[in-house]
2 protein chains.
Amino acid sequence: MKLEDAIKQIAFKSEEERLVINLVYTSGWLSSEQNRFFKRFHISSQQYNVLRILRGQYPNPASVGLIQERMLDKMSNASRLIEKLKQKKLIKRSECSKDRRQVDVLVTQEGLLLLEEIDKLSNEMNGICDTLNLKEKKILNELLDKLRN
Amino acid sequence: MKLEDAIKQIAFKSEEERLVINLVYTSGWLSSEQNRFFKRFHISSQQYNVLRILRGQYPNPASVGLIQERMLDKMSNASRLIEKLKQKKLIKRSECSKDRRQVDVLVTQEGLLLLEEIDKLSNEMNGICDTLNLKEKKILNELLDKLRN
DNA sequence: ACAAAACTAGTGTATATACATATATTGTCA
DNA sequence: TGACAATATATGTATATACACTAGTTTTGT
């Protein structure tokens, strides 16, 4: 849907203003699509993101700092997400022997299995961009990269 | 920065996966830029959004439902945002005489003045897309609209 | 006319996030 | 070595959001 119709605004002052608002609106739309997708697995998209990072390190553990560095939404609550995942037995947390300030975080077998389940259905999630052809997806990817420069 | 460097991931399985992750990452980036911008005005970007909608209706009041319908992030807490704005005296809330279920929400003079202040500096916010030229901004706007179809 | 359905706003609970701060541990350097 | 800075993680507080639910009001259908 055209942005103007979606938020019932007649016009924007500039292409820049429209772009900022379009990005905010689209990200809200995407976020709700994602949360709907992940709901059946009883995790949030943020928790999935942490699991994905941990699988990237597997079988090595990752520190909280490393996770935070690689998270999509940088933040200060990797600790709390890890605590939630631990309660669900999807990760394990243990004291790092080399540096007792750090914590070794490791995805469990249960966590890896869940990731596989999600992978099987990930085409469903990625399908939200079926409205674009491959060339358009590439251009969109490039423009987003360039925007953040 | 290229997405792969930003989140230290070597490759993506598909253009689709990269796009979904790129959108999530970019929206997190934008959201933190916005919150930094709005901080000096002591409001959040969501509260600004509500004020902007109310100005669009001014001098007519808006119902909570109308505000919710036009919000960028659709949600169930327009009530709570309105309560926060009322505490800051940026809006007024009164019972709607025509339909006693509804509430008339109206931006105050103080709220309108704040919006003017923000408008003066909005080029600073919109400046985050200076890395793109006008044609690229237009294409990005079009692709985002198309994506949500 | 009146009971049932639909609507409007608000609230309770859980999660996520920003920011500041606390606590424990390690590194540095005079 | 001993004081102090730097680092890693956790926590407190405030805000935002999703979802389910409540209470009051209006509309609908017979």
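Chain identifiers are assigned alphabetically (A, B, ...) following the order of the sequence lines, protein sequences preceding nucleic acid strands; residue numbering begins at 1 within each chain. When reading the values below, keep in mind they use all heavy atoms of this one structure, side chains included, and skip hydrogens, waters and symmetry mates.
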Practice task
Among the candidates D/dC19, C/dT25, C/dT17, find the nucleotide nearest to the side-chain atoms of A/Lys39.
Solution key: D/dC19
Practice task
Could you check which of C/dA16, D/dC19, C/dG10 has an atom nearest any side-chain atom of B/Arg80?
Solution key: D/dC19
Exercise for the section: Starting from P on C/dT8, measure out to CZ on B/Arg101 and report it in whole angstrom. Expected result: 6 Å
Problem - Lys/Arg N to Asp/Glu carboxylate O, B/Lys86 vs B/Glu83, below 4.0 Å - result: no
Handout entry: Separation of C/dT17 P from B/Leu30 CG (nearest whole Å)
Key = 16 Å
Problem - Whichever of B/Ser63 and B/Gly28 has its nearest DNA chain C nucleotide further upstream toward 5' - result: B/Ser63
Handout entry: Note: B/Arg100-B/Glu95 ion pair, threshold 4.0 Å (strictly below)
Key = no
Practice task
Output the single nucleotide from D/dT26, D/dT11, C/dT17 whose closest atom is nearest the side chain of A/Ser79.
Solution key: D/dT11
Exercise for the section: Rounded to the nearest angstrom, tell me the gap between atom CG in B/Asn77 and atom P in D/dT15. Expected result: 13 Å
Exercise for the section: Taking only the side-chain nitrogens and oxygens of A/Arg100, find out if one of them lies under 4.0 Å from OP1 or OP2 of D/dA8. Expected result: no
Handout entry: Cationic N near anionic O, under 4.0 Å, B/Asp119 to B/Arg52
Key = no
Exercise for the section: Please determine if B/Arg18 and B/Glu15 form a salt bridge, counting it only when a charged side-chain N lies under 4.0 Å from a carboxylate O. Expected result: no
Practice task
For the side chain of A/Ser44, starting at C-beta, report the closest nucleotide among D/dT17, C/dT17, C/dT15.
Solution key: C/dT15
Exercise for the section: Mind calculating the distance between CG (B/Leu81) and P (D/dA14) to the nearest angstrom? Expected result: 17 Å
Problem - Under-4.0 Å side-chain N/O to phosphate OP1/OP2 contact, B/Gln102 with D/dT25 - result: no
Problem - Gap between atoms CD1 and P, on B/Ile67 and D/dT17 respectively (whole Å) - result: 14 Å
Completion exercise
Of A/Asn35 and A/Val64, the one whose closest nucleotide on DNA chain D sits nearer the 5' end is A/Val64
Exercise for the section: Assign B/Gln47 to base, sugar-phosphate, or nothing according to its heavy-atom contacts below 4.0 angstrom with the strands shown. Expected result: sugar-phosphate
Problem - Presence of B/Arg93 side-chain N/O under 4.0 Å of C/dG10 phosphate oxygens OP1/OP2 - result: yes
Handout entry: Value in whole Å for how far the P atom of D/dA23 lies from CG of B/Asp99
Key = 20 Å
Handout entry: Integer-rounded Å distance: D/dT15 P and B/Ile82 CD1
Key = 16 Å
Fill in the blank from the handout: The residue, B/Lys98 or B/Lys88, whose nearest nucleotide of DNA chain D is more 5′ is B/Lys88
Handout entry: Under-4.0 Å salt bridge between A/Asp104 and A/Lys92
Key = no
Handout entry: Rounded distance (Å) that lies between atom C1' of D/dA14 and atom CD of B/Gln87
Key = 12 Å
